[in-house]
Amino acid sequence: MAAPAGVDNTFRKKFDREEYLERAREREKQEDEGRSKSKSKGPPVQRKPLKHRDYHVDLESRLGKTQVVTPIAPLSQQAGYYCSVCECVVKDSANYLDHINGKKHQRALGMSMRVERASLQQVQERFEMLKKRKDPTTFSEQDLDERLLKQQQEEEERKRQRRERKKEKKKEKAAEEQEDIDPDVAAMMGFGGFGSSKK
């Protein structure tokens, strides 16, 4: 049995090579045009050099505190440290510090990762400012000895107060136990109380 002449019964897909080669060429042209457009968007963005932070990064305020985590809370109220510049949440303080010192965060602030080179005059001015800010009194061994002695005295005073409080609590507890026992029952049984004889 021979198949009719116009019917293809090989059940294999036939590809038109010319058509697919043409499609590939068109796709390559579009990719080349896209690359050249992205490179020539305009002059490169000039970013400011890095500068030191003029604010304190608060990493200790939430140390040891618990927080209820809900999936529907906004990002700023979720567990962890929230960066309002990048609008992201970082889970711990070490990663938060890495984030705010990192490239992505600095770029969002409009800074490059390069540091401005300081001149000799700027360095000298900085040293002068730091000298003026420094405490005029110099630190000596005598100051250290006095501070250590003062700390030891304060520690001894705290220990003494703790001991007194413990004694007072023991006396109050013993008095409460004495009140709980009925004196008639104790006299009938022949003893003064259930408390220990140690005082």
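The shown structure was predicted, so the numbers you read here are calculated from the model rather than taken from an experiment. In what follows, residues are counted from 1 in the order of the sequence shown.
- Taking each heavy atom of L50 and S112 in turn, the nearest pair found is CG-O, 3.3 Å.
- Considering all non-hydrogen atoms of both residues, Q122 and S119 come closest at OE1-N, 2.9 Å.
- Closest of all the heavy-atom pairs between H105 and C86 is ND1-SG, 3.5 Å.
- Around OH of Y20, the count of heavy atoms belonging to other residues, nucleotides or ligands within 6.0 Å exceeds 12.
- Shortest non-hydrogen contact noted between V123 and A118 is CG2-CB, 4.2 Å.
- Taking both residues in full, the closest heavy atoms of Q106 and N101 are given as NE2-CA, 4.0 Å, listed atom of the first, atom of the second, then distance.
- Residues V90 and Y82 are not in side-chain contact: their nearest non-hydrogen atoms beyond the backbone lie 4.5 Å or more apart.
- Counting non-hydrogen atoms of other residues, nucleotides and ligands closer than 6.0 Å to CZ of R114 gives a total of 12 or fewer.
- Annotation for M111 and K51: closest pair SD-N, 3.7 Å, computed over non-hydrogen atoms.
- Taking OH of Y81 as the start and CG of N95 as the end, the distance is 11.0 Å to the nearest 0.5 Å.
- Taken to the nearest 0.5 Å, the NE2 atom of H99 stands 14.0 Å off from the OG atom of S93.
- Interatomic distance, R47 CZ to L109 CG, rounded to the nearest 0.5 Å: 10.0 Å.
- Ion pairing between a basic and an acidic side chain is recognised when a charged N comes within 4.0 Å of a carboxylate O; K167 and E164 show no such pairing.
- With rounding to the nearest 0.5 Å, the separation of CG in D58 from CD in E60 is 6.5 Å.
- For the pair E19 and R23, the salt-bridge criterion is met [side-chain N within less than 4.0 Å of a carboxylate O].
- The number of heavy atoms from other shown groups lying within 6.0 Å of CZ (R27) does not exceed 12.
- Salt bridge status for E157 with R160: present, with a side-chain N to carboxylate O gap under 4.0 Å.
- There is a path of hydrophobic side-chain contacts, each under 4.5 Å, that joins L97 to Y55.
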Exercise for the section: Begin from the C-alpha positions of K29 and E26 and carry the test salt bridge (Lys or Arg N to Asp or Glu O under 4.0 Å) through to its verdict. Expected result: CA-CA 5 Å; K29 276 185 188 177; E26 287 176 17; over 6 Å; no
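- Annotation: side chain of K166 is not in contact with side chain of K169 (no heavy-atom distance under 4.5 Å).
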Problem - Criterion side-chain hydrogen bond (donor to acceptor under 3.5 Å, both in side chains) on Q121 and E125, from CA distance to verdict - result: CA-CA 6 Å; Q121 181 66 28; E125 288 172 1; 3.2 Å; yes
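- Considering CG of L59 and CD1 of I100, their distance stands at 7.0 Å, rounded to 0.5 Å.
- The line from CE of M113 to NZ of K104 is 14.0 Å long, rounded to the nearest 0.5 Å.
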